[in-house]
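Everything on this sheet refers to the single structure shown next.
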Amino acid sequence: MAEQSDVDVVVVGAGPAGSAAALELARAGCDVILLERGPFPGAKNVYGGVVYGRVLDDVLPAWWEDVPVQRWVTRRSTMMMTPTQALTVDFRTDDWGTAPYNGMTTYRADFDAWLAGKAVAAGARLVTSTVATELLRDPSGRVVGVRTDRPDGDIRAQLVIACDGVNSFLAKQAGLLPDTDAENQTLGVKETLALPRRTIEERFGLSGDEGADVEILGCTGDIPGGGFLYTNRETVSVGVVLSLTGLAKSGRRPEEVLADLKAHHAIAPYLRGAELKEYSAHLIPEGGYRSMPKLTADGLLVAGDAAAMCLAAGIWLEGVNFAIGSGLAAGRTAAEAIAAGEVDQLGGYRERMERNFVLTDHKNLRGAPHLVLSERVQQRYPRLLCDFAQEVFTVRNPEPKPGLGKLFRRTATRHGLRLRQLAADAWAGFRVFG
Amino acid sequence: MEIVVALGWSWQRVAVDPLTGGLDADGRDRGSNAAEQAALEHGLRLAERFDGRVLAVTVGPAAADEVLRTALAAGAHEVIRVDRDDPLAPSSLAKNGADTAKAIASALRGRSPDLVLCGDRSADGGTGTTPAFLAARLGAAQALGVVKIETEGQSILAHRRLDGGSREVLRLPRPAVVSVEAAGVRLRRASLPALLAAQQAAVQVIPGERRQPGRAVGRPHRPRPRELPVPTGATAHDRVLELTGALQERIPPTVIGPLSAAEAADELLDYLQRHGYTRGTS
Amino acid sequence: MNELPKMLAVVVVRAGTLPGGADEAAAECSGAVFAVGTGTREAARSFTAARRIWTIEVPLVAPGALAAALAPLLEPVDVVVLPASPDSRDLAARLAFRCERPLFAGALRCTADEADLSRLDDSLEVRVEFDEPVVVTLIPGVRGIPQPVPPPDPVELAVNLPDDVLDAELVEVLEPEPETVELTEAKRILGGGAGLVRPGDDGAAVMRTLTSVAAALGASAGATRVVTDAGWAAHDRQIGTTGVVVDPDLYVAFGISGAAQHVGGLGRPAQVISVNTDPSCPMTAMADLGIVADAPEVLRELARRLNGAADG
Ligand SMILES: Cc1cc2nc3c(=O)[nH]c(=O)nc-3n(C[C@H](O)[C@H](O)[C@H](O)COP(=O)(O)OP(=O)(O)OC[C@H]3O[C@@H](n4cnc5c(N)ncnc54)[C@H](O)[C@@H]3O)c2cc1C
Ligand SMILES: Cc1cc2nc3c(=O)[nH]c(=O)nc-3n(C[C@H](O)[C@H](O)[C@H](O)COP(=O)(O)OP(=O)(O)OC[C@H]3O[C@@H](n4cnc5c(N)ncnc54)[C@H](O)[C@@H]3O)c2cc1C
Ligand SMILES: Nc1ncnc2c1ncn2[C@@H]1O[C@H](COP(=O)(O)O)[C@@H](O)[C@H]1O
């Protein structure tokens, strides 16, 4: 350390990743500044709506007692649709409706502020309405702090943790991320719509603080992507996630795609009479394991969406828990390195995540983004399955019912899919998800 | 020169249920508004000009310390919070500023400020009455709705709006209470070290009186029917025609749309054409 | 003096001119009014809703001293109503303090027993009942004025302004700037509100476009307070009770919700057009033609057609 540092660590971005990192550091007794550009953490952060909190069990025991929850997800549906059909696999369990719970819907403005509050209570210093504009480096190129947009705004630190979200400006500056990465990004657009609490419960078959999570395939026309519908206490969130390159090729506007989903006969009845509260859009790093940048540079660690930690694999869209998981790992690694006086030893960060779910899941599911966004999964299978279901359930008396096997083969052929291909995809799917 | 700046702690955006009049606001969306921040900036500038000190005061709950820390970070020398929390309810919105003025004055006991700067009005239904009550209570002169502050030698001049677009220029004696509009100045951006220091600073808190919850009922706003002159026609028939406007050529009010921009422009220009507002100056 | 009514309007007059809302305040009090200030005799002649007028001439309009002088006179009056114009607003709180009464500011309606106050940018109405003598300010432009009646002969009252009350010293009154005059006299006005500027857009540029479109239609451009507060237009463009009071024949409102404080400064235009995405906002409700459309886009389209270019 040539120069004096103002603080041990500066964490940039008070999203889930940054607050988790700051929490770990503060608990380990480090002097940490958590920088956030918004007026408060979560002020402008956008996501779909479901957080899986298991990752918090060790750090914040019984977190569910004071987390700002909207509803506990007890019902999970996967819907495949064509413009006129929908086939749903619907699962519900009472187990997810009691502690320790599984998933919850929560607003980011509430959740991010809550998690940052935990970091502050542990001793982190939160600085809002302040943007990190540049990495500070010493002559050797080592990162030694950040510059902010305030007067006298340089902060020198032993380590910097970049948690500034997708398209991370800091990771790019450090040369860890390419300047553009449209291939590996999707655009999420979402509407929050207000409905009376009772109406939501009646339409979605919920009571008390139970919530529903509907993931949708085949709702984005010829643009690779997917959709979702989540229940909050007095609003529902409906959105689509669209491949950037597909979107550009289609010439359509994301609002149109979302409008089509909202008008679909399987969705519209849930939303009837709802009043638009908010429209938002945000990028998602969806490349997964294969698109991940290098996770550290000299003096710098990268966590959360900034390091493409979001797991987006069709029936899963989990970014917040992975952001927290990687944030905790980065914070712990940094704290240990500082305690040991070896701030250049950051290898523990990756190792830690390879041992827990963060990189294990990513590695196991590394093929998922590709498969899920493939034309067959996007277009043909939803159509095939919907048509098949329609054939099975259409009664054609006086004709007798055809055998199911025959029916399936016939439907598959009509959709131009050969059984060999189906088997291959099934195997690929098994390998990706199994 | 002793300068006091009164920073409000109000809801910046309140949603009103159009059917029930129920109120809803995000607790995080509380703070001081642009006018109050402009007041602080004026205060800081005058303190620099006259070698004075700035005391920032707020009347609010513990969370309101935040506006005081912001003030400290921007350069205020001292802060006091009068502890009081007003629920978001019609009775607090009906408030006249008398109670708040009293609370602010209680923070100034034993001091003799030369100038008290306020915002023109607070965000949550404020009516800009607090500063006048404060002036009355402090025995100070007042200048409300000020859009510009100048100095001339040792004196301070305030420009304020009058009716019909004229303005009046007032020379402020001491003490004076001034309420400013958000015009012209923006609060300076605090430096990072000042911001960090302000986080650690202790805020002096004095107890405030609880407000009496007055009797007040809220409901969604409905425009008041305007009173019309009595018809003057000589016969009953004429008067009926006059009141109903039956024979007057009048297009009934219409609402059309949603329209695209081009359709809307067509409708608008067409309407202007029909009513004789064609191009050309009037 | 013992014949003062239970409800009385107090109107602050400057140099013989009545402020906005003077007649409405008088009408709300069945025509009983105190005209206080400078040039009160002359001003008394311009009331159209007064049935009994008392004038109180003072050498200068100074709220602190005026309040002290008026307070004893108003003792028998239960409900004192002032128009919410700048001078009366100044005086109202000082009076309430002197008389130890509550002040209910920003009323839409006031009777001897209760008032409806406008709050939260006119989206909420709060009804308060009076259980003691009160001071009320009434928002101009909301009530309307009844059939004009010739002003009665005023009764002159004399007061002494105390000299131990501190007031600011008047240096000068600046006449309205030419810009403002142009707006007050304009027969056609295009108004821009918060809905005309999309988040992130350059509001000042949008207002310049509005000005050029207005010019092409022989009109002037005005704005709401949200727009002027944001610095997108100069403050002398603000139409309303705390801005410029105008009286055009045609008013075209772009993205304006129609808050009482704005409409209160509008006079009585013969034709009102409102371009707004919300079909039920007050501005559209009061318009002759309500167009539900995206105001920024419509303005851009108009600019294209009328000026051949969109510079917004
Ligand atoms: C439409 C959509 C739906 C989604 N649905 C879900 C879902 O249902 N469940 C789920 O788990 N995940 C979901 N995700 C993914 C999830 O939102 C992200 O993975 C997660 O937010 C990543 O957290 P983070 O802390 O890394 O980054 P972010 O949440 O993006 O936080 C970054 C923070 O850094 C701040 N910041 C950025 N730059 C700077 C700077 N220069 N200086 C200071 N501060 C800065 C930002 O203001 C922000 O607060 C969804 C995403 C989208 C877009
Ligand atoms: C004491 C006091 C004095 C005041 N004095 C004045 C005054 O003199 N003058 C004044 O103007 N105000 C005054 N106000 C403020 C007034 O109460 C209102 O806040 C203000 O007039 C609202 O301005 P607005 O209509 O531009 O904004 P808003 O009320 O925010 O309305 C915006 C409108 O735009 C519409 N909109 C949004 N997006 C679009 C779109 N894309 N296309 C079309 N429409 C859209 C919305 O539906 C809404 O109707 C005063 C307030 C107080 C308390
Ligand atoms: N709770 C408060 N604490 C401090 N100052 C206040 C408070 N409420 C109002 N003020 C001041 O009085 C001004 C006018 O407020 P109001 O009378 O509520 O419209 C505000 O802009 C503030 O400067």
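From a predicted model like this one, the values you see are computed outputs, not experimental measurements. Chain A is the first sequence line, chain B the second, and so forth, proteins listed ahead of strands; every chain is numbered from 1.
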Query - Top contributor to chain C contacts, counting heavy-atom pairs under 4.5 Å, from B:A123, B:A15, B:G128, B:P220 - result: B:P220
Report task. Provide the closest heavy-atom pair for B:A94 versus C:V126 in the form atom of the first, atom of the second, distance. Result -> CB-CG1, 3.9 Å
Query - Part of residues 143-153 of chain B lying next to chain C, heavy-atom separation under 4.5 Å - result: B:L144, B:G145
Query raised in the report: When heavy-atom pairs shorter than 4.5 Å are enumerated against chain B, which of C:G64, C:P19, C:P279, C:G106 gives the highest number?
Result: C:P19
Query raised in the report: Regarding C:H235 and B:R161, is there a side-chain donor-to-acceptor distance under 3.5 Å anywhere?
Result: yes
Query raised in the report: For C:I273, is it the side chain, the backbone, both or neither that has a heavy atom under 4.5 Å from a heavy atom of chain B?
Result: side chain
Query raised in the report: chain B contacts: which residues in residues 134-142 of chain C have a non-hydrogen atom closer than 4.5 Å to it?
Result: C:G141, C:V142
Query raised in the report: Looking at C:S123, C:G258, C:A293, C:A84, which has the largest count of heavy-atom pairs under 4.5 Å with chain B?
Result: C:S123
Report summary line: Of all heavy-atom pairs linking C:R94 and B:A135, the shortest is NH1-CB, 3.3 Å
Requested in this report: Could I get the full list of side-chain hydrogen bond (donor to acceptor under 3.5 Å, both in side chains) partners for B:D24, not counting sequence neighbours?
Outcome: none
Report summary line: When the 4.5 angstrom heavy-atom criterion is applied to C:A285 and chain B, the contacting part is neither
Report task. Check whether C:P102 gets within reach of chain B through its side chain, its backbone, both or neither, counting any heavy atom under 4.5 Å. Result -> both
Query - B:D120 bridged to C:R89 by N-O distance under 4.0 Å - result: yes
**Report entry** B:L170 vs C:L170 side-chain heavy atoms within contact, under 4.5 Å
**Finding:** yes
Query raised in the report: Tell me, side chain or backbone of B:A265 under 4.5 Å from chain C's heavy atoms, or both, or neither?
Result: both
**Report entry** Beyond-backbone contact of B:V255 with C:L289, side-chain heavy atoms, under 4.5 angstrom
**Finding:** no
**Report entry** Among the listed options B:A35, B:G139, B:A140, the residue most often paired with chain C at heavy-atom distances under 4.5 Å
**Finding:** B:A140
Report task. Could you look at C:D167 and say if it's the side chain, the backbone, both or neither that has a heavy atom under 4.5 Å from chain B? Result -> backbone
Query raised in the report: In terms of heavy-atom proximity below 4.5 Å to chain C, should B:P175 be classed as side chain, backbone, both, or neither?
Result: both
Query raised in the report: Are any non-hydrogen side-chain atoms of B:W11 and C:L120 less than 4.5 angstrom apart?
Result: no
Query raised in the report: Would you say C:E169 has more than 12 foreign heavy atoms packed within less than 6.0 Å of its CD?
Result: yes
Requested in this report: Could you pull out all residues at least two apart from C:S274 that satisfy side-chain hydrogen bond (donor to acceptor under 3.5 Å, both in side chains)?
Outcome: C:T284
**Report entry** Stepwise salt bridge (charged side-chain N to carboxylate O under 4.0 Å, His left out) test for C:D131 and B:R215
**Finding:** CA-CA 10 Å; C:D131 38 23; B:R215 261 185 307 145; 3.0 Å; yes
**Report entry** Interface moiety of C:Q238 toward chain B, non-hydrogen atoms closer than 4.5 Å
**Finding:** side chain
**Report entry** Side chain proximity check, B:Q142 to C:D90, heavy atoms < 4.5 angstrom
**Finding:** yes
Query raised in the report: After noting the C-alpha distance and the side-chain angles of B:Y277 and C:Q271, does the key distance pass the side-chain hydrogen bond (donor to acceptor under 3.5 Å, both in side chains) rule?
Result: CA-CA 10 Å; B:Y277 297 104; C:Q271 314 279 351; 5.0 Å; no
**Report entry** Under 4.5 Å from any heavy atom of chain C - which part of B:A176
**Finding:** neither
Query raised in the report: If you look at every heavy atom in B:F133 and C:A93, which pair is closest and at what distance?
Result: CE2-O, 3.5 Å
Query raised in the report: So which part of C:L103 gets closer than 4.5 Å to some heavy atom of chain B, the side chain, the backbone, both or neither?
Result: both
Query raised in the report: In terms of heavy-atom pairs under 4.5 Å with chain C, which of B:H159, B:R219, B:E168, B:R186 leads?
Result: B:R219
Query raised in the report: Among B:V14, B:D17, B:L93, whose side-chain contact (heavy atoms from CB on, under 4.5 Å) with C:L124 holds?
Result: B:L93
Query - Best-contacting candidate, C:R225, C:R143, C:E297, against chain B by heavy atom pairs under 4.5 angstrom - result: C:R143
Report summary line: Ranked by heavy-atom pairs below 4.5 Å to chain B, first place among C:V128, C:I291, C:V298 goes to C:I291
Query - Per-residue contact mode, C:V275 against chain B (heavy atom under 4.5 angstrom) - result: side chain
Query raised in the report: Quick one: of C:R98, C:E28, C:E114, C:E175, who has the most non-hydrogen atom pairs under 4.5 Å with chain B?
Result: C:E28
Query raised in the report: Among C:E24, C:M286, C:R109, who wins on heavy-atom pairs under 4.5 Å with chain B?
Result: C:R109
Requested in this report: Under 4.5 Å, counting heavy-atom pairs only, tell me which of B:R160, B:R13, B:E267, B:E263 racks up the most with chain C.
Outcome: B:R160
Report task. Please look at C:A105 and chain B and tell me whether the side chain, the backbone, both or neither of the residue comes under 4.5 angstrom of a heavy atom of that chain. Result -> both
